[in-house]
**Q** 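Below is the structure I would like to discuss, written out as structure tokens.
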Amino acid sequence: MLSREADSLFWMGRYLERAEATARIVDVQYHAALESPLANRDPQSLWNSILEISGDDLIFQARYGDVSERDLIQFMVFDIDQPDSVVSCVRAARANAQGVREVLSSEMWEVVNRAFLELLNWDVDKMLTTSPHQFLVDVRNRCHLFYGLAERTMLIGDASYFLKAGMFLERADQMSRLTDVLVRELTGGDYLLEEGEHFDTHGWIACLKSASAFEAFRKTYRGGITPDNVLSFLVLDWDYPSSIHHAVSQVERCLRSVSGSAGRRYASDAERLAGRLHADLSFLTIAEIRAQGLHEFLEGIQKRCFDIGNAVTDKYLRH
Amino acid sequence: MSLFAAYPGGLERGGYQAAFDEMFAETGTLTARPHYHALYERVKGLSDDEFNRRVSLADATLMNQGITFTVYGDALGVERTFPVDLIPRILPADEWDRIERGLTQRINALNLFLRDLYSEDPQILKDNIIPRDLIETASHYRRAFVGCPAPKNLYVHICGTDLIRDHAGDWCVLEDNLRTPSGVSYVLENRLILTRVFPQLFAAQNIRPVDHYTTALLGNLRALSSRSQCTVVLLTPGVYNSAYFEHAFLAQQMGIELVQGRDLFVESDNCVYMKTTHGAQRVDVIYRRIDDDFLDPEIFRKESSLGVPGLMRAYAAGNVALANTVGTGVADDKVVYRYVPEIIRYYLDQDAILPNVPTYCAWEEKEREYILGNLDKLVVKSANESGGYGMLIGPQATAFERSQFADKIRAEPRNFLAQPVVELSTAPCYVAGKGIVPRRVDLRPYILSGPSGVTIIPGGLTRVALKEGSYVVNSSQGGGSKDTWVLDKVRPPMRQSLGGMTQSLGEGGMSQQMGEMRQSLGQPPGLAAEEPPMDAALRDEPETKPNQTQSQTQGGMHS
């Protein structure tokens, strides 16, 4: 397929995943703040953690100073000048979709188009005075609908592989940021994963919910919520579709589907990097990750996702 | 009160009294013509609310599907829809037959004309049918391509010819569009939208389908290449072009790549390639929606970044086919238009079935004098403008505008021609707040010309001058459009299915009604045979792979 179109599909996948992730994190953290039982976890730190996951905390501080609920939602959801806001991501996804309209099915295009047009009818005040949860769930559902339609109506081939490669790469990246920030919050900044009397069960549940992982986690770990179990689930789990491990394995699969390479061979640097990260995540243990430092490890994941993205661009997407 | 109550008054307000009305044989008593009778009876009974709801639904459908154009200069890129009027325009079978024959004759003659004109020694100029001067000064004449034969000897593959009806109801040709005519996607979408928002209008009608257009077009495009595994692409100026929706729609419906100039390049072998994720891939046929001037900066406009450097080299070498071919605009020059009846007689030895509108050319002295003396009665057009620009509608212009135009005509007589004001026919249109009122319409059928013959989808795009009293139907000037129905000669088997419906109007009633609708919309059995097979052969294997040129670091649209 055309390199320009592959580029648009790859980024469309990334932007929609990013929009979904941001809407999800804002939703969960916003509602967690409402029902937090612990006096020492004020909403401020929750707002800050949302900003940190997006990596836009400095931009926010420069523009707004102190964090208020309204400003934060404006910034993360509606601010068209903020490239990672939900509106900006959906808009960018749509702009990319527009350039590849003949590659997408009509149904897929219509969903992205409607998602954007619908957002134009909203602003932060309207959202806060109706149901923030319903609004954010609607945004997320439109993203899910898009991917569902991609599975159902799009020809299986390079176009769908680049779309999914973008989506899964973004998912791996988002998940590593989310885990990094939330675990630091939950451990008081030192990443020491201990259970004990101060163990913040409520916070860890919110952490899992931020990743849409709570119910799947319960089914996997009947024993209960421990930091190691949660980390193991979010980072290394084989079967959970949003674990970093699974996301990276799918990136590799998509890239191999494009090139047709199989077995131990790789056809490009992108495949080599994705395959290597996949292998690491397949064989690492939580003890080893703790030994090298959780924060360093997760930052390393982000760096490697970045490199994979660049390698994909170099190999396929330049035009 | 009937939705048509305002119709007779509307005729007077818009100054439409002298026009032929499409729906009513007798406008005073609102007596519908026979082929409009069923529709009139159905629409008459609707309430304003009911109609308005459909209008909103249609608009939402257009918006959601992105059948829009961008309003420039808006930060969020707000988009508008082209208005669709929901009352279809109906043509009876025999009337369409004659139009179809006339258009077929015309496109065949124009293709022969272009083939002659771009040969080394054009016969028609030698025989003095058309003054040589006139051709050589036409701005779309491409001298560089004389002696460069077009694939399969076809020059115009897609033509949009604008037809109007005069006060007596007689059809005539207003102009031909032989370069990159647009609007066919609206024909297909209007039909789809009407079936969705107004299914009940289709009941008891036998309407000829239009959805075989893209199949026929793809077949014709593929036939332009002699390679069996050929790659066809559609070349668009990009997402900001007002016709981008149409480009994407057609590419999608045909399953071909929608490329921009930057996706293509020409190698030293004078072949065109596209930049794909698997390297360079040879392109054989380009359905281009970019004007000649922008196609190739090497020989046309240097500053254009829309085209492909070297494309004309590849074309001249016979390595790529273009649809339409380069230089076809010489035949839709508004001055050359006047000679089309002679062109038809010259090449086909036939009289034109569809007449031209009488045309006076300013470059002939006698006619110029006539034009200058009758500016208040004439429509003056500049020879090479389209989209309703650069024209003077004499009766509606001020004395000052007329005198300004007179100066322009004297300065550049070659570039102006004039026609008497033709009272375009009127058709009923729904205008919110006013009900159903008359508006002027024209008709643009789309004519496909391929190696195996001419295909015209029944009907075409009916364009509407939505402004009261206006003659200008162009979408860039406040025009809208209508679904256009050509009735089939065979009446639908309606009694039988209606009987079935009354029998079980309980739960089954609804689905049966829909079944009936599908029946009347379905393709007549004869059509299936015309369709070339759409199969795996559409995919192409990459051929030779020259090194891919790499230019930009990132080209996707990142916020």
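Computed from a prediction, not measured in an experiment: that's the story for all the values here. Basis for what follows: all heavy atoms, side chains included, without hydrogens, waters or symmetry-related copies. In the text below, chain A, chain B and the rest are named by the order of the sequence lines, each starting its count at 1.
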**Q** Can you establish whether the number of heavy atoms outside A:Arg63 located under 6.0 Å from its atom CZ is more than 12?
**A**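 It does: A:Arg63 CZ has more than 12 such atoms within range.
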**Q** Short question: side chain of B:Asn64, backbone of A:Arg114 - any donor-acceptor pair under 3.5 Å?
**A**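 A pair under 3.5 Å: no.
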**Q** Working to the nearest 0.5 Å, report the span between CE of B:Met63 and CD of A:Glu110.
**A**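 Result: 12.0 Å between the selected atoms.
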**Q** Is there a donor-acceptor contact under 3.5 Å from the side chain of A:Asp158 to the main chain of B:Thr276?
**A**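 No; zero donor-acceptor contacts below 3.5 Å.
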**Q** Picking from B:Leu234, B:Thr236, B:Leu258, which has the most non-hydrogen pairs under 4.5 angstrom with chain A?
**A**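 Maximum pair count with chain A is reached by B:Leu258.
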**Q** What option among A:Leu9, A:Leu117, A:Leu2 has the most heavy-atom pairs under 4.5 Å with chain B?
**A**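 The residue among A:Leu9, A:Leu117, A:Leu2 with the greatest pair count is A:Leu2.
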**Q** Heavy-atom distances under 4.5 Å only: say whether B:Val233 touches chain A with side chain, backbone, both or neither.
**A**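 For B:Val233, neither part sits under 4.5 Å from chain A.
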**Q** Between the main-chain N or O of A:Gln98 and the side-chain N or O of B:Tyr244, is there a donor-acceptor pair closer than 3.5 Å?
**A**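 Yes; judged by distance alone, with no hydrogens or angles, the pair exists.
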**Q** Please set out all donor-acceptor pairs under 3.5 angstrom arising from side-chain atoms of residues 144-156 of chain A, sequence neighbours excluded.
**A**
residue, atom, partner, partner atom, Å
A:His144, ND1, A:Arg140, O, 3.3
A:His144, NE2, A:Glu20, OE2, 3.2
A:Tyr147, OH, A:Gly13, O, 2.9
A:Glu151, OE2, A:Lys164, NZ, 3.1
A:Thr153, OG1, A:Ser105, OG, 2.7
A:Thr153, OG1, A:Leu149, O, 2.6

**Q** Looking at A:Arg101 and B:Gly66, would you say the former's side chain and the latter's main chain have a donor-acceptor pair under 3.5 Å?
**A**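 Indeed, once roles are kept as given, a pair shorter than 3.5 Å links the two residues.
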**Q** Let me confirm one number: the CZ-CH2 distance from B:Phe249 to A:Trp109, rounded to the nearest 0.5 Å.
**A**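 One finds 14.0 Å between CZ of B:Phe249 and CH2 of A:Trp109.
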**Q** Between A:Glu118 and chain B, which part of the residue has a heavy atom less than 4.5 Å away: side chain, backbone, both or neither?
**A**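 Neither the backbone nor the side chain of A:Glu118 comes within 4.5 Å of chain B.
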**Q** Just to verify, what does B:Gln252 make a side-chain contact (heavy atoms from CB on, under 4.5 Å) with, not counting sequence neighbours?
**A**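 For B:Gln252, the residues satisfying side-chain contact (heavy atoms from CB on, under 4.5 Å) (neighbours in sequence not counted) are A:Glu102, A:Ser106.
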**Q** Ignoring hydrogens, what is the shortest heavy-atom contact between B:Thr277 and A:Phe162? Give both atom names and the distance.
**A**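 Looks like CG2-CE1, 3.6 Å.
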**Q** Under 4.5 Å heavy-atom distance to chain B, tell me which part of A:Val100 shows up: side chain, backbone, both or neither.
**A**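 It is the backbone, since no side chain atom gets that close.
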**Q** Looking at CE of B:Met274 and CE of A:Met1, how far apart are the two atoms once the value is rounded to the nearest 0.5 Å?
**A**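 With rounding to 0.5 Å, CE (B:Met274) is 10.0 Å from CE (A:Met1).
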**Q** Tell me, yes or no, whether the heavy-atom count around A:Tyr64 atom OH, taken from other residues, nucleotides or ligands under 6.0 Å, exceeds 12.
**A**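 Above 12, so yes.
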**Q** With a 4.5 Å limit on heavy-atom distance, are the side chains of A:Arg4 and B:Gln260 in contact?
**A**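 Yes, close enough: below the 4.5 Å cut-off.
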**Q** Could you look at B:Ile256 and say if it's the side chain, the backbone, both or neither that has a heavy atom under 4.5 Å from chain A?
**A**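 Just its backbone gets close to chain A.
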